[in-house]
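Heads up, the thing below is written out as structure tokens.
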Amino acid sequence: MHTQDPNPCRVIGVLDDGIASLSPTALALLRSADMLIGGARTLALLEREFKPGAMRHDLTGKLKEVPEWVRSARADNLSCVVLATGDPLCHGIAPYLAQHLCVEALDILPNLSTLQLACARIGLAWQDARIVSVHARDAGEWQRGSVPGHGLYALAQAARQHARLLVLTSPDNSPDRIARLLLAEGLGDDFLMAVAENLLQPEERVLAELTPQQAAGMRFAALNVVLLWRVTPAAQPVRFGLADAEFAQRQPEKGLITKQEVRAVSLARLQLRADSVVWDIGAGSGSVGLEAARLCPQGHVYATEKNEADFAIAGQNHAAFGVSNYSLYLGKAPEGLDAWPDPDAVFIGGSGGELAGLIAGVIARLRPRGTLVMNFVTLENLATATATLQALKGVEWDVLQLQAARSKPILHMHRMAAENPVWIVCARRAEAKVAADE
């Protein structure tokens with residue numbers, strides 16, 4: 001049962017038309033408050049309504065201090081109001097306050113979200129839209145293959161998975177930058193944009209049905225929100241088990257690709273989850289890592305390849321594959337792995353002569369329940385791998401030999417042509433099993 005505190009902190013949503021956006025109840029609470037907390041712009045917008053002697057705190061750059069200000073006011077039995085923008089529960093301050101105080105200590109009076117207003121301006125239904133905030137620190141322009149720390153990463157992923165997007169922007173992550181992201185991801189012809197600037201202010205402007213090509217070269221007011229909607233049907237690609245011919249391969253010299261049958265078993269043994277962090281070491285054509293990226297839409301794949309020709313082919317496959325959660329690097333492992341986050345799954349398709357050290361390093365970095373899968377076609381590499389795993393303490397491992405044969409036409413009949421045998425070595429740390437047995 002929810003019990004209301006006798007002196008809760010009121011969290012009031014405000015829009016840019018000031019008191020016109022407030023209900024009579026919200027306005028009365030604002031006018032009687034002993035302490036008012038808000039951003040500089042919101043405080044200035046409403047300061048004429050504050051009662052004489054009311055304390056005010058500008059939370060700009062001081063978010064971590066707000067809970068203590070609220071506690072102090074409540075301890076002194078003062079009425080406290082936090083002024084938020086729009087709906088305080090939609091990428092607003094209310095969840096943060098609930099986490100650091102308690103829900104019972106808050107009384108939330110929401111307003112319309114600026115996203116709702118923008119949708120109303122152009123008549124866009126928003127009940128099935130995905131809300132994305134890029135109101136983060138400036139991480140620069142989006143580049144294909146950017147990692148999850150980039151301020152536009154969540155938007156790049158959402159654009160692959162949703163037909164309608166409502167975007168809370170920032171001065172750095174602006175509509176033109178968002179348009180350039182869509183172009184970089186090959187989605188320029190798939191979406192239209194609307195930009196709503198300075199909503200509920202005299203200089204309000206709504207630009208509807210912009211193409212990303214148009215918006216990429218424009219400049220916009222600092223206060224804006226962006227609406228994106230798909231105008232072409234989304235592709236529904238095969239997620240798992242693509243034919244080898246679906247991948248570009250180095251020609252005329254035969255490039256490296258993990259064949260379909262081996263790739264399918266290797267991906268199955270990786271035990272991927274929707275949010276897995278995956279390493280693909282010795283990416284070759286990129287086939288394993290790119291299929292893994294489709295299987296882990298909330299995760300990310302980090303791939304490395306030392307051969308420049310194969311690196312170029314893997315990049316070509318990445319460009320054609322329609323994923324935004326894949327980063328490809330040119331280099332020889334283990335160089336560069338220190339900069340990657342700890343993995344849930346690691347695939348080694350090529351070792352470059354550093355196999356023993358690479359295995360030990362990967363096992364040490366695996367997250368709980370993580371799995372290492374390796375493919376070998378030579379007895380020597382298989383021997384090195386099994387000897388290394390045997391010497392490591394607390395590691396479970398097994399070996400699977402896989403040999404497929406594919407039918408080939410011969411006259412008016414068919415024969416079976418054998419593929420080279422491949423050893424699939426799987427390893428994991430044993431802690432999870434030990435814990436389960438206790």
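These numbers come from a predicted model, not from an experiment.
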Does a side chain donor of either Arg160 or Ser324 reach within less than 3.5 Å of an acceptor in the other side chain?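 Result is yes, a qualifying pair exists.
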Mind running side chain to side chain contact (heavy atoms under 4.5 Å, CB included) on Met193 and Trp229 for me, showing each step along the way? CA-CA 7 Å; Met193 303 176 60; Trp229 62 96; 5.7 Å; no
State the CG-OG distance between Leu181 and Ser146, to the nearest 0.5 angstrom. 8.5 Å
Sequence neighbours left out, what pairs pass side chain to side chain donor-acceptor pair (under 3.5 Å) with at least one residue falling in [range]?
range	result
residues 260-277	Asp244-Arg263, Glu261-Arg406, Arg263-Glu291, Ser266-Asn375, Arg269-Asp398
residues 73-95	Asp5-Arg74, Asp34-Ser79
residues 189-202	Asp16-Gln201, Asp189-Gln213, Asp190-Thr232, Glu197-Arg205

Anything under 30° is parallel, anything over 60° is perpendicular, the rest tilted; go ahead and classify Trp279 against Trp340. perpendicular
Under 30°, 30 to 60°, or over 60°: which ring-plane class applies to Phe247 and Phe321, parallel, tilted or perpendicular?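 Because their plane-to-plane angle is under 30°, the rings of Phe247 and Phe321 count as parallel.
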Is Arg369 paired with Asp344 through a side-chain N to carboxylate O contact shorter than 4.0 Å?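 No, no charged N to carboxylate O under 4.0 Å.
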Answer yes when Asp58 and Arg41 have at least one side-chain N-carboxylate O distance shorter than 4.0 Å, and no when they do not. no
Glu204: what forms a salt bridge (charged side-chain N to carboxylate O under 4.0 Å, His left out) with it, not counting sequence neighbours?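 Arg121.
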Within-4.5 Å side-chain heavy-atom neighbours: Ile359 and Leu392: yes
Positive for side-chain contact (heavy atoms from CB on, under 4.5 Å) with Val323, one of Glu185, His318, Gln157: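 Testing Val323 for a side-chain contact (heavy atoms from CB on, under 4.5 Å) against Glu185, His318, Gln157 leaves exactly one candidate, His318.
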Can you confirm whether more than 12 heavy atoms, excluding those of Lys51, are under 6.0 Å from its NZ atom?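 Yes - once you tally the heavy atoms of other residues, nucleotides and ligands closer than 6.0 Å, there are more than 12.
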Counting only pairs under 3.5 Å, give me each side-chain donor-acceptor contact of residues 42-50, with atom names and distances, residues two or more places apart or in other chains.
residue : atom : partner : partner atom : Å
Glu47   : OE1  : Arg56   : NH1          : 3.3
Glu49   : OE1  : Arg31   : NE           : 2.8
Glu49   : OE1  : Arg31   : NH2          : 2.9

Apply ring pair (Phe, Tyr, Trp, His ring centres under 6.0 Å) to Trp397 and list each qualifying residue two or more places apart in sequence or on a separate chain.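 So Trp397 forms no ring pair (Phe, Tyr, Trp, His ring centres under 6.0 Å) with any residue.
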